[in-house]
Amino acid sequence: GGQGLLTAGMAADNIAMCAYLSVLMLIPAVGPSDPCVDGMQECEIEYQPTKASIACAIATSLIVLRGSQMFATFVGQPNLSLGFACIFAPCVALVARGMSK
């Protein structure tokens with residue numbers, strides 16, 4: 001019915017966005033000049049992702065999705081779980097960034 005059509009539409013949208021972003025990432029671009037090289041300002045150390053950090057990011061995203069689903073069910077609006085995830089994800093990212101510094 002309608003729910004299956006909505007699910008199929010969302011899946012098609014995700015596939016289209018994946019293809020779009022994949023093509024976008026293949027286009028070479030010139031980055032901004034690096035002010036850290038001149039020693040003019042204090043710069044952050046750039047960390048490379050590790051297997052552990054990638055696993056932690058995936059686990060955190062799954063926890064956010066499950067938590068938003070549980071919260072949406074708790075408030076009686078299970079259809080809003082993705083909306084709650086869109087609210088919770090930046091909050092969790094902000095907390096995680098603060099904890100990692």
Side-chain angles (χ1 to χ4, degrees):
Q3 186 67 25
L5 187 60
L6 177 64
T7 303
M10 289 178 70
D13 178 61
N14 287 342
I15 291 171
M17 287 303 298
C18 180
Y20 169 74
L21 292 174
S22 297
V23 170
L24 190 64
M25 292 297 163
L26 292 175
I27 299 172
V30 177
S33 62
D34 191 2
C36 299
V37 174
D38 300 332
M40 293 290 193
Q41 71 184 59
E42 186 177 324
C43 298
E44 294 182 16
I45 298 172
E46 206 171 296
Y47 295 101
Q48 296 296 321
T50 62
K51 289 180 184 178
S53 65
I54 293 170
C56 184
I58 291 172
T60 303
S61 64
L62 291 174
I63 290 169
V64 167
L65 288 173
R66 182 64 178 150
S68 64
Q69 184 182 33
M70 291 171 59
F71 183 75
T73 302
F74 176 75
V75 296
Q77 298 293 326
N79 293 335
L80 295 178
S81 65
L82 186 59
F84 287 125
C86 291
I87 294 169
F88 294 156
C91 296
V92 170
L94 185 64
V95 169
R97 180 178 167 93
M99 291 174 59
S100 69
K101 289 205 172 219

Engineer: Spell out, yes or no, whether Leu82 and Phe88 are grouped together once hydrophobic residues are joined by side-chain heavy atoms under 4.5 Å, including indirect joins.
Structural biologist: no
Engineer: To check you understand the geometry: which heavy-atom pair defines the closest contact between Ala85 and Leu65, and what is its length?
Structural biologist: CB-CD2, 3.9 Å
Engineer: Can you get from Leu80 to Ile87 by hopping between Ile, Leu, Val, Met, Phe, Trp and Tyr side chains that sit under 4.5 Å apart?
Structural biologist: yes
Engineer: Examine Leu94 and Phe84 and state if one hydrophobic cluster contains both, with Ile, Leu, Val, Met, Phe, Trp and Tyr joined whenever side-chain heavy atoms are less than 4.5 Å apart.
Structural biologist: no
Engineer: Considering all heavy atoms of both residues, which atom of Ile58 and which atom of Ser61 are nearest to each other, and what is their separation?
Structural biologist: O-OG, 2.7 Å
Engineer: Are Met17 and Met25 connected into the same hydrophobic cluster when the rule is that any two of I, L, V, M, F, W, Y join if their side-chain heavy atoms are below 4.5 Å apart?
Structural biologist: no
Engineer: Using modelled atom types and a 3.5 Å cut-off, is there a donor and acceptor pairing between side-chain atoms of Ser81 and backbone atoms of Ser68?
Structural biologist: no
Engineer: Does one hydrophobic cluster hold both Val92 and Leu62, with members joined at side-chain heavy-atom distances below 4.5 Å?
Structural biologist: no
Engineer: Please give me the minimum heavy-atom distance between Cys18 and Ser22, naming the atom from each residue.
Structural biologist: O-OG, 2.7 Å
